[in-house]
Amino acid sequence: MDYNFRALEEKWQKFWEKDKTFHCEIDQNKPKYYVLDMFPYPSGAGLHVGHPLGYIASDIYARYKRLNGFNVLHPMGYDAFGLPAEQYAIQTGQHPAITTDKNIKRYKEQLVKIGFSYDWNREIRTCDPDYYKWTQWVFIEMFEHWFNNKTQKAEPIERLVDIFAQEGNKNIDAATGQDDVFTADQWNSMSEKEQQTILLNYRLAYLADTMVNWCPALGTVLANDEVKEGFSVRGGHPVVQKKMKQWSLRISAYAERLLNDLDKLEWPDSLKEIQRNWIGRSEGAEIDFTIKDSDSVITVFTTRPDTSWGVTFMVLAPESDLVQQVTTPEYEKDVKQYIEDTKKRSERERLADAKTVSGQFTGGYAINPLTNQEIPIYISDYVLMGYGTGAIMAVPGHDSRDFKFARHFGLDIIQVVVKKGEKPSDPKTWDDSYDAKEGKIINSGFINGLEVSDAIEKTIQHLEDNRIGKRKINYRLRDAIFSRQRYWGEPFPIYFKEGIPYPLDKDKLPLELPEVDAYLPTEEGEPPLARAKNWETPDGYHFEYSTMPGFAGSSAYYLRYMDPKNDNALVSKEANEYWQDVDLYIGGTEHATGHLIYSRYWNKFLYDIGWVCKDEPFKKLINQGMIQGRSNFVYRIKGSNKFVSYNLRKNYDVTPIHVDVNIVDNDILDIEAFKNWNPEYKNAEFVLEDLHDGKAGGKYICGYAVEKMSKSLYNVVNPDDVIEQYGADTLRMYEMFLGPLEMSKPWDTNGIDGVHKFLRKFWRLFFDEENNFNVSDAEASEDELKILHKTIKKVQEDIERFSFNTSVSAFMICVNELTDLKCNKRQILEPLLILLSPFAPHITEELWSLAGNKDSIAYADFPKFKEKYLIESFVEYPVSFNGKMRFKIKLPVDINAKEAQEIVLKHEQAQKWLDAKSPKKVIFVPKKIINIVI
RNA sequence: GCCCAGGUGGCGGAAUUGGUAGACGCGCUGGACUUAAAAUCCAGUGGCCAUACUUGGCUGUGCGGGUUCAAGUCCCGCCCUGGGUACCA
């Protein structure tokens, strides 16, 4: 019987489906284990060979845990709302649901072919109304809660209303956009509309005028993590800042918890660091500067209150509301002009111009509350409205940006911090400011002589005592903009009455996405949903026109898998208490500042309101590396249709041209396929070379480069093609063999033969010369047992530390050794089958069943490693002289240092290296090494 | 600029706690089988030098120093690659 992987893999995939092998249910008698992949967006291009890398790793682990008696939840689904389907709809008029459905079918086909052990019964799609019902439900819950800073928790909005009615808002410490204080009487005399407007400032899901990232090309706003360097992450279109009324999630309320709880997660340090930077906690103080001849104040945030005596000017963000107040008539025209200029510049230009200083004096002055000095107020775009208070106190002596600004406008620079070991100097002679938070304070009143850290403390104390400022922790993390002016997303369960948003009754959910006549904005510029007929409540109040962003559907999907068909709850208490959280989450690092922050926030909110039992969703997380493409090149002689082989190209004037990697094997071009690849090359001629000496001869060798895997570079490798040629088991093992899971590496089909050969060799262990299945029941020899148990130990350790590449090589070593021993004993081969089954599930199921086992190998018992088979009576010691290994010697395992030394020194080789000298020292490390120092 | 990874043969990579550097695989070279090819199997394969052809020596993990009996692994300084992030006050 031959290893017919095509027939055998199809057979077992069908079996698993029919037998429901991987369906799982709550089972209180078994410990649970939840293994999750970041679910894919089903794009039209299908999966390429890079996508399944993480899925294979998680599948190996899921299968490993099953063999170890765990009840494993291992689901898969689709992040199905998204831009590409909508853009395709705009171009073709085809409903995005149809495109999405088609793509999902293709994805599923491809996934099934790789032999993943998913419980397909739990498949979810974020665009399914039964699914997004719960996305909408969570949104309403957020709408109906506020964040209490005192308890650091979300609390029901009704409770807040009660407090307002009794004591106003003066005792409330909330995460809020509400600055004004009101009394109970004031609250009680307000109209419904006024009250609702105030409540919006407290809700965790709120509607407010916000500076947003507006992408004109996509016709929508984008969240911060969807913008990179002034361009949209999807599509690369320019993004500008714009003030718009938008839904936001008050994620910034959770900044402290999101930051602190990172410590309890088993995530890669680099990923935690990215999140820490994204949250961007900084400690400092807010200080109030009074505007001259006015009662108004400019509040600034600073991390360096100790440098307050070095303030020589202030800068406001051009968008700041205070600009108008401080600007004198004399400067009004120039200020207006500067603001106009800033608006015109895109974010991109602002970044590119980062080094050129620009700004405008307003004519206004403020009073430094610590020195009582008058200081001029400028506006400049280096101060951002979105961070801190949108205003800064400028300390040019100790902040490099302020320094540049001061130099440019000829403003004073005062030294207030002296670096350790240096003397005060004239700032006029400086090349740059001294920014470090170290040194002694000078020129600064009551903090003179203090160290910076003490000076900061003392200054803050002073500010608070005199009510001119307060201690303040600032976060870079902004609230998440939650509206998108698009069609293909979750509708908001919100309607508007007199301009005030109200949530739909939860029992009316889901609010289904309506049909529209076109997937474009209306002529008035309203989002596509404004085109829908009857997009309103029975009372005629229209629904929200925006839809939710991509991260809405992916923020709680891991909870839905626990109980995917539940019509009464996102997840039942029972299911949540059993499955708890994700034990292992595998996915790319690109979600570090998006999905992985939103999910954590979403989960913490659900935890606060008592719907989930764990306050962090993903206990352990692994980032799989990217699989890059490996492109091949042919070299065309300029002005001809003649191609030169790689090593001969230097003799000609050539242009490298990308060639489809699928017609190249081990860098050797299939010339016939190349001629058929593109009509242009039909009559191409070739200068060939001989393989080893680079002389003209018989083969066309291609050049190569590692690049992104992309259609346009002709380096996309499709898993279906690999499976067709080698089988899914080979694909799975080869992807693991390629290198460490976390590392990025190029897909290189050269080498896949080695893994395939290994599986053939493994297969042959079970068959005799006549090719009949033949497994012997004879007792295994010591050598055979040793090989088996060595492999069990190695593979188990490797799986547990996710070092799958080394486990594959352990299997190769094992099979090579067993082949040498011609071992066909059941006692060895059956445990080996189980050991290999997480990696190569199809071939092992087949051999397991041929060996007479009735049940799927998926639920067999993982073999137990027994130390006794590895115990050796002798150890081969490397003997080195001054650290250089010279020869080896076999010594009894329990020998002591003195005995070993005696034997070694008598050895003829040792005599040679000693050269009649006596050793200074002999180091004996048991079971490791002997080193002789001469 | 700052933060985080990483740099080992022709290639992917191994060396888990400082203890034989280069496991395993690819590729390459030679051989067996075959009319031939494929498949399969066997042997060799970091570099340099010497050699009685069997072996021996030197050198070698980005670069320069250091610690140690012993360094790919630890410390100091530098170079390079990849990723994250940025007028964040």
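Residue numbering restarts at 1 for every chain, and letters A, B, ... go by the order of the sequence lines.
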Side-chain N,O (A:Arg401) to OP1/OP2 (B:rG1) below 4.0 Å: no
Short side-chain N/O contact from A:Arg476 to OP1 or OP2 of B:rA86, under 4.0 Å: yes
Sugar-phosphate, base or nothing in reach of A:Leu738, heavy atoms under 4.0 Å: sugar-phosphate
B:rU20 OP1/OP2 closer than 4.0 Å to side-chain N/O of A:Asn931: no
Parallel, tilted or perpendicular: rings of A:Phe405 and A:Phe409 (30°, 60°): tilted
Nearest heavy atoms of A:Gln725 and A:Phe5, plus distance in Å: O-CZ, 3.2 Å
Ion pair A:Lys793/A:Glu797, N-O distance below 4.0 Å: yes
Gap in Å between the two C1' atoms, one belonging to B:rC75 and one to B:rG60, rounded: 22 Å
B:rG12 phosphate, OP1 or OP2, under 4.0 Å from A:Asn805 side-chain N/O: no
Side-chain donor/acceptor of A:Lys794 to base of B:rU16, under 3.5 Å: yes
Separation of B:rG1 P from A:Phe403 CZ (nearest whole Å): 19 Å
Distance-only donor-acceptor test, A:Lys757 side-chain atoms vs B:rU40 base atoms, 3.5 Å: no
Sugar-phosphate only, base, or nothing, as touched by A:Pro740 at under 4.0 Å among non-hydrogen atoms: sugar-phosphate
Spacing of A:Leu262 atom CG relative to B:rC4 atom C1', expressed in whole Å: 15 Å
Nearest-Å distance for atom pair CG/C1', residues A:Asp381 and B:rC87: 8 Å
Separation of atom CZ in A:Arg276 from atom P in B:rC4, rounded to whole Å: 11 Å
Derivation and outcome, side chain to side chain contact (heavy atoms under 4.5 Å, CB included), residues A:Phe881 and A:Phe887: CA-CA 9 Å; A:Phe881 288 76; A:Phe887 65 93; 3.6 Å; yes
